[in-house]
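As structure tokens, the structure follows; a few thoughts come after it.
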Amino acid sequence: MGGEVDRSGDPAVLADLIGSRLTGQAGGLYRRLADAIAALIGSTELPVGARLPAERRLAEALAISRSTVVAAYDELRARGLVESRRGSGTTVARAAGRGRSRADKRMPAGYGESLFHRIAVGPGEVISLTYAVDPGLPELADELIDLASGDLPALLDDVGYHPRGLAVLRERIADHFSESGLPTSADEIVVTTGAHQAIALVTQMYLRTGAAVVIEQPSWPGCFDLFGAAGGRVVGVPLDDAGIRPDLLTAAFAEHQPALLFVMPTFHNPTGRLMSANRRRQVAEIAAKHGVVVVEDNAYSAWDPSGPAIPPPLAAYAPDGCEVLTIGSVSKAVWGGLRIGWIRASRPLAERLARHKALADLGSPVIDQALTARLLPRLAELTAARGRVSTTRKKLMGQLLSERLPEWEWAEPEGGSALWIRLPDTDARVYAQVALRHGVEVVAGRAMDPTGEHDDYLRVPFAYAEPILDDAVSRLAAAWHELRRHGPGPGVPVV
């Protein structure tokens with residue numbers, strides 16, 4: 001996946017880019033579609049000369065009528081934004097690039113775009129199931145008040161730059177690892193601004209252009225963009241009930257000689273599976289044999305005590321000579337706005353990571369670190385409370401889906417925050433477009449597996465209050481019945 005690829009001619013990609021731009025606006029659907037495409041024209045997403053999909057293929061990807069797309073293209077031609085030639089299709093006109101500053105650049109869309117778009121545009125009438133968020137725990141407010149009255153004066157006297165992290169926080173993170181079955185010292189910890197930055201720092205340190213990264217298939221969409229931006233090639237290995245398959249992992253190591261293995265052993269995203277202790281040992285031994293560095297992301301740590309026990313981190317099973325970097329975070333367990341994560345690594349690796357961290361931002365926010373240090377001794381208690389709520393919502397979501405969408409298929413996850421659902425005989429990207437027009441936003445499986453093996457899957461989070469889940473499933477059901485009744489193509493009436 002190295003290098004920048006023009007994917008604008010792919011109707012499914014353009015449909016994802018258009019996304020919610022078709023909802024919540026006045027005017028006919030063809031005009032809204034023309035406005036949505038016009039907003040993309042001239043940017044890195046639809047540069048001058050880029051070919052637009054054929055009308056019929058875009059209509060199928062958006063689950064609207066072909067005549068609607070034809071009318072939108074006619075509107076764009078009238079505005080001078082696109083031109084059509086027999087045998088060449090419809091392309092962005094050269095005149096469309098005039099008047100845009102050379103400095104006016106947009107980030108090229110990646111595989112995580114459908115997840116991150118709603119975060120960027122903010123809440124609206126659409127129920128967005130693109131990411132799973134919980135409000136901050138009430139304990140956070142209590143600790144923040146105590147910190148302001150007790151610890152703040154000493155913190156303000158400090159220089160404020162701690163690339164490796166506050167000493168007290170690193171000590172408590174080390175204690176947290178030791179209690180989980182992985183003996184750790186404070187000098188093996190580097191504090192980061194969330195788990196996302198932790199993965200980015202590891203990527204900077206290890207990946208070179210053309211290097212392979214083995215991941216679970218499916219996987220978290222953000223990793224495709226992070227690894228791809230560094231020039232890496234992503235190689236997926238399927239899962240079974242115990243985690244990433246060791247036979248296929250061995251074959252992938254032998255064939256691709258990767259620089260990294262990236263796994264989510266504790267409540268894998270998006271399937272919610274928990275890698276068994278024996279599988280963790282197998283993965284570590286295979287990685288050691290092939291000399292591959294392992295990165296384990298355990299940010300999804302909310303755990304219901306009534307559920308299966310969580311084994312120690314994969315690093316606890318690593319034989320001598322196996323390099324394992326373990327990533328954690330409080331963002332899922334405590335609050336998404338508390339952007340504090342960490343990496344646990346051997347002392348030499350931690351020192352190298354700290355240098356990369358210093359180049360990135362000189363250190364994560366000190367007050368956030370001090371607040372996290374106060375919460376760490378209670379992290380197991382806090383994650384258990386979050387886990388119990390998650391289990392209740394998971395059961396409710398399962399009941400609602402079974403009642404209203406009995407055709408959908410899924411295996412109950414052992415943890416995490418979402419259901420990984422298979423849609424029978426349906427491209428999930430097409431269904432997602434219909435669902436969006438019913439006021440609910442979902443992420444299709446293609447975002448989590450670009451190979452196409454999971455194009456009939458949806459990731460549907462259940463980390464929402466009960467009334468929102470009820471409303472969301474009602475909208476999902478209405479969208480499903482419409483798609484089944486009319487189909488995604490010409491049968492959809494023109495709006």
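All values reported here derive from a predicted model rather than from experimental measurement.
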Next item on the list: I would like to know whether Arg339 and Ser364 meet side chain to side chain donor-acceptor pair (under 3.5 Å); could you show each step before the answer?
Entry: CA-CA 9 Å; Arg339 305 302 305 158; Ser364 298; over 6 Å; no
Next item on the list: Apply side chain to side chain donor-acceptor pair (under 3.5 Å) to the pair Ser346 and Arg352, showing each step before the final yes or no.
Entry: CA-CA 10 Å; Ser346 64; Arg352 290 175 59 196; over 6 Å; no
Checklist line | Check against side chain to side chain contact (heavy atoms under 4.5 Å, CB included), Arg172 and Thr372 | finding: CA-CA 9 Å; Arg172 290 182 181 174; Thr372 302; over 6 Å; no
Margin query: What verdict does the side chain to side chain contact (heavy atoms under 4.5 Å, CB included) test give for Leu419 and Leu401, after you've listed the backbone C-alpha separation in whole Å, the side-chain angles of each residue and the deciding distance to 0.1 Å?
Written below: CA-CA 11 Å; Leu419 300 180; Leu401 290 171; 3.5 Å; yes
Next item on the list: Could you check Tyr431 against Glu482 for side chain to side chain donor-acceptor pair (under 3.5 Å), going step by step and ending with a plain yes or no?
Entry: CA-CA 10 Å; Tyr431 170 72; Glu482 177 185 318; over 6 Å; no
Next item on the list: Show your reasoning for whether salt bridge (Lys or Arg N to Asp or Glu O under 4.0 Å) applies to Arg347 and Asp187.
Entry: CA-CA 6 Å; Arg347 291 179 182 85; Asp187 54 4; 2.9 Å; yes
Next item on the list: With salt bridge (Lys or Arg N to Asp or Glu O under 4.0 Å) as the test, would you mind laying out the steps for Glu414 and Arg273 before giving the verdict?
Entry: CA-CA 6 Å; Glu414 294 169 291; Arg273 292 175 188 167; over 6 Å; no
Notebook entry, point to check: Hey, mind stepping through Asp455 and Arg429 against salt bridge (Lys or Arg N to Asp or Glu O under 4.0 Å) and telling me if it holds?
Noted result: CA-CA 7 Å; Asp455 280 2; Arg429 291 176 295 179; 3.6 Å; yes
Check: Would Ile215 and Phe227 satisfy side chain to side chain contact (heavy atoms under 4.5 Å, CB included), going step by step from the backbone distance to the final call?
Finding: CA-CA 10 Å; Ile215 64 170; Phe227 299 149; 4.0 Å; yes
Next item on the list: Could you please spell out the steps behind the side chain to side chain contact (heavy atoms under 4.5 Å, CB included) verdict for Ile199 and Leu201?
Entry: CA-CA 5 Å; Ile199 299 169; Leu201 292 175; over 6 Å; no
Item checked: Intermediate values then yes/no, side chain to side chain donor-acceptor pair (under 3.5 Å), Thr193 and Lys357 -> CA-CA 9 Å; Thr193 307; Lys357 171 67 174 172; 3.2 Å; yes
Checklist line | Full working for salt bridge (Lys or Arg N to Asp or Glu O under 4.0 Å) between Asp304 and Arg386 | finding: CA-CA 8 Å; Asp304 185 344; Arg386 188 75 94 190; over 6 Å; no
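Closest non-hydrogen pair, Leu147 versus Leu371, comes out as CD1-N, 3.4 Å. Between Val434 and Ala479, the shortest heavy-atom distance links the atoms CG1-O, 3.5 Å. Scanning all heavy atoms of the two residues, the minimum distance from Gln197 to Asp361 falls at NE2-OD2, 3.0 Å. Between Ala288 and Pro319 the shortest heavy-atom distance is CB-CG, 3.6 Å. Residues Ala350 and Arg164 approach most closely at CB-NH2, 3.5 Å, considering heavy atoms. Looking at every heavy atom in both residues, Glu296 comes nearest to Ala315 through OE2-N, 2.9 Å.
Here the CG-CD distance, from Leu376 to Glu171, works out to 11.5 Å after rounding to the nearest 0.5 Å. With rounding to the nearest 0.5 Å, the separation of CD in Glu381 from CG in Leu375 is 10.0 Å. Rounding to the nearest 0.5 Å gives a distance of 7.5 Å between OH of Tyr206 and CG of Leu260. Taking CD of Glu188 as the start and CD1 of Ile343 as the end, the distance is 13.5 Å to the nearest 0.5 Å. Remark: Leu396 CG to Asp470 CG distance equals 7.0 Å, nearest 0.5 Å.
The shortest side-chain heavy-atom distance between Ser219 and Met264 falls under the 4.5 Å cut-off. In this structure, the side chains of Leu483 and Thr426 come closer than 4.5 Å at one or more pairs of heavy atoms. At a threshold of 4.5 Å between non-hydrogen side-chain atoms, the residues Met275 and Ile244 count as touching. Contact check for Lys289 versus Thr250: no side-chain heavy atoms found under the 4.5 Å cut-off. Residues Val191 and Leu166 are not in side-chain contact: their nearest non-hydrogen atoms beyond the backbone lie 4.5 Å or more apart. Side-chain contact check for Val442 versus Thr130: every heavy-atom pair is 4.5 Å or farther apart. Side-chain contact check for Asp427 versus Glu60: every heavy-atom pair is 4.5 Å or farther apart. Looking only at side-chain heavy atoms (C-beta outward), Ile189 and Phe177 come within less than 4.5 Å of each other.
Of the N and O atoms on the side chains of Thr451 and Gln217, at least one donor lies less than 3.5 Å from an acceptor on the other residue. Checking Thr383 against Lys332 by side-chain atom types alone, no donor-acceptor pair falls below 3.5 Å. No donor-acceptor contact under 3.5 angstrom links the side chains of Gln369 and His162, judged on distance only.
Using the six-membered ring where Trp is involved, Trp420 and His454 have ring planes that are tilted, between 30° and 60° apart.
The local environment of CH2 in Trp335 is sparse, with at most 12 non-hydrogen atoms from other residues, nucleotides or ligands closer than 6.0 Å. Within 6.0 Å of the CG atom in Leu248, the count of heavy atoms belonging to other residues, nucleotides or ligands exceeds 12.
For Tyr457 and Trp408, the distance between ring centers is not under 6.0 angstrom.
Residue Leu476 is tested with Ile421, Leu129, Asp471 for a side-chain contact (heavy atoms from CB on, under 4.5 Å); the sole match is Leu129.
Using a cutoff of 4.0 Å between basic side-chain nitrogens and carboxylate oxygens, Arg484 and Glu407 are scored as salt-bridged. Ion pairing between Arg374 and Asp142 fails under the 4.0 Å rule for side-chain N and carboxylate O.
One N or O on the side chain of Arg233 and one on the backbone of Gly210 form a donor-acceptor pair closer than 3.5 Å.
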